[in-house]
Amino acid sequence: MRRRVLPGITAAVIIVVVVLGSAFALQRKLVFLPSGGPLPAAADVLPGGRDATLATADGLSLSAWYFPVPGARAAVLVAPGNAGNRSMRAPLAAALTARGLSVLLLDYRGFGGNPGSPTEAGLALDVRAARDFLVTETGLPLLYFGESLGSAVVAELAVEHPPVGLVLRSPFTDLAAVGRVHYPFLPVRWLLLDRFPTAEHAAATSAPVTVVYGSADSVVPPGQSRAVATAAGGRAVEVPGADHNDRVLLDGPDVVAAVTALA
């Protein structure tokens, strides 16, 4: 009996080790899903748009789009989610500039043809480079807008550099919490290299916070977004029937109103 059982146990252990090892080694390929370049010039996307270069503290030069508005009352730093590139956020920039707000569309390292590979620490440097650009370029009050994973990025920035307002769209409480939803068979919290603790950072900022989320979100459970709003002592805006990647959560009226209300 022992001779038959031991090989089976050994095989099971090997399978578990291989699965966990692969999940650990490939996790950033699962978390970050960038689209590359080349991308058009900002002026070809929206009239008056300008191509911008963001200099990070670790020596990278990141391409971004800046859409200035004459007489703008504030500037919005848009931190995207974990997928695509800044071209996907152009409709949001169009909606916000039409309402008198200048907008910077950031692409992280590794996204939109930018150099480098994305990590939590790297994205923190990227968003600081974006803020530095806006401070130098505009002198305007700053609003931060974070989309999904980008909510964690700007919430962390807001602790050190509070904006006049912080809008978090479809945020998760932390990366492990949302990871467990999609990979319930893995010890996600033990494996993750990046934490992205959105709720923790949102609770620590002094800025007013608005959370916008869809009631039918299949990527980030709506309860997690509500928990972020509660942790921040902020306002929660539910968009009925909206899933995570629906257009209404990109540049829909609730999203645009949440940003303009804090400007």
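Across all their heavy atoms, Val127 and Val154 have their closest contact at CG2-CG1, 4.2 Å. Smallest separation of non-hydrogen atoms from Leu140 and Ser102: CD1-OG, 4.3 Å. Contact between Ala229 and Ala236 at its shortest, heavy atoms only, is CB-CB, 3.9 Å. Val220 and Pro171 make their closest contact through CG1-O, 3.3 Å (heavy atoms, listed as atom of the first residue, atom of the second, distance). Counting all heavy atoms, side chain and backbone alike, Phe67 lies closest to Leu105 at CE1-CD1, 3.8 Å. Across all non-hydrogen atoms, the minimal contact from Pro40 to Asp51 is O-OD1, 4.4 Å.
Between atom CG of residue Leu143 and atom OG1 of residue Thr210 there is a gap of 10.0 Å, rounded to the nearest 0.5 Å. Annotation: the span from Glu120 atom CD to Leu149 atom CG amounts to 8.5 Å, rounded to 0.5 Å. Taken to the nearest 0.5 Å, the CZ atom of Phe145 stands 9.5 Å off from the CZ atom of Arg89. Taken from CG in Asp44 to CG in Leu39, the straight-line distance is 11.5 Å, to the nearest 0.5 Å. Atom OG of Ser61 sits about 9.0 Å away from atom CG of Leu54, to the nearest 0.5 Å. Between Leu62 atom CG and Phe111 atom CZ the span is 11.5 Å, to the nearest 0.5 Å.
Looking at heavy atoms from C-beta onward, Val255 lies out of side-chain contact with Leu250 at the 4.5 angstrom threshold. A heavy-atom distance below 4.5 Å is found between the side chains of Gln224 and Val181. Proximity of Tyr183 to Leu30: side-chain heavy atoms (C-beta onward) are separated by under 4.5 Å at one or more points. The closest side-chain heavy-atom distance from Thr198 to Phe172 is below 4.5 Å. At least one side-chain heavy atom of Arg73 sits under 4.5 Å from a side-chain heavy atom of Thr260. Side-chain contact between Leu92 and Val78: present, with at least one pair of heavy atoms (C-beta onward) separated by less than 4.5 Å. Between Leu193 and Thr119, the closest side-chain pair of non-hydrogen atoms is not below 4.5 Å. Side-chain contact between Asn82 and Tyr108 is absent, with no heavy atoms from C-beta onward closer than 4.5 Å.
Salt bridge Arg195/Glu156: absent, no basic N to carboxylate O contact under 4.0 Å. Salt-bridge formation is not detected for the pair Arg128/Asp132: no Lys NZ or Arg NE/NH1/NH2 atom is positioned less than 4.0 Å from an Asp or Glu carboxylate oxygen. Ion pairing of Arg189 with Asp174 is present here, as a side-chain N (NZ or NE/NH1/NH2) and a carboxylate O approach within less than 4.0 Å.
Looking only at atom types and distance, the side chain of Tyr213 has a donor-acceptor partner in the side chain of Glu238 under 3.5 Å away. No side-chain N or O of His244 forms a donor-acceptor pair with one of Ser218 less than 3.5 Å apart.
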task: Apply side-chain contact (heavy atoms from CB on, under 4.5 Å) to Leu101 and Val69, showing your working.
output: CA-CA 6 Å; Leu101 299 172; Val69 172; 6.0 Å; no
task: Take Asp58 and Arg109 through the test salt bridge (Lys or Arg N to Asp or Glu O under 4.0 Å) and record every step on the way to the result.
output: CA-CA 11 Å; Asp58 60 344; Arg109 60 189 64 204; 2.7 Å; yes
Arg131/Leu104 under side-chain contact (heavy atoms from CB on, under 4.5 Å): CA gap, chis, key distance, verdict: CA-CA 9 Å; Arg131 177 188 176 274; Leu104 179 68; over 6 Å; no
task: Report the C-alpha distance between Ser151 and Phe196 in whole Å, list the side-chain angles of each, state the deciding distance to 0.1 Å, and finish with yes or no for side-chain contact (heavy atoms from CB on, under 4.5 Å).
output: CA-CA 9 Å; Ser151 294; Phe196 290 109; over 6 Å; no
query: Where do Val256 and Arg99 land on the side-chain contact (heavy atoms from CB on, under 4.5 Å) test, with the steps shown first?
result: CA-CA 9 Å; Val256 174; Arg99 288 158 178 81; 3.2 Å; yes
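Side-chain atoms of Thr205 come within 3.5 Å of backbone N or O of Ala158 as a donor-acceptor pair. Side-chain N or O atoms of Glu147 include none that pairs as donor or acceptor with a backbone N or O of Arg169 at under 3.5 Å. Put simply, the side chain of Asn85 gets close to the backbone of Gly36: a donor and an acceptor are under 3.5 Å apart. Between the side chain of Asp107 and the backbone N or O of Ser63, no donor-acceptor pair lies under 3.5 Å. The closest donor-acceptor contact from the side chain of His201 to the backbone of Val159 lies at 3.5 Å or more, if one exists at all. Side-chain atoms of Thr138 do not come within 3.5 Å of backbone N or O of Val135 as any donor-acceptor pair. In this structure, the side chain of Thr56 does not engage the main chain of Ala129 through any donor-acceptor pair within 3.5 Å. Side-chain atoms of Arg50 do not come within 3.5 Å of backbone N or O of Ala42 as any donor-acceptor pair. Within the 3.5 Å criterion, the main-chain N or O of Phe133 finds no donor-acceptor partner in the side chain of Thr136. Under a 3.5 Å cut-off, the side chain of Asp246 and the backbone N or O of Asp243 do form a donor-acceptor pair.
Both Val76 and Leu46 sit in one connected hydrophobic cluster of ILVMFWY residues. Membership requires side-chain heavy atoms under 4.5 Å apart, directly or through other members. Both Leu166 and Val153 are members of a single hydrophobic cluster when ILVMFWY side chains are connected at heavy-atom separations under 4.5 Å. Under a hydrophobic clustering in which Ile, Leu, Val, Met, Phe, Trp and Tyr are joined whenever their side-chain heavy atoms come within less than 4.5 Å, directly or via other members, Leu168 and Val219 fall into the same cluster. In the hydrophobic clustering of this structure, Val31 groups with Val188; members are Ile, Leu, Val, Met, Phe, Trp, Tyr whose side-chain heavy atoms approach within less than 4.5 Å, directly or through other members. A continuous path of Ile, Leu, Val, Met, Phe, Trp and Tyr side chains, each step under 4.5 Å between heavy atoms, connects Phe32 with Val178, placing both in one hydrophobic cluster.
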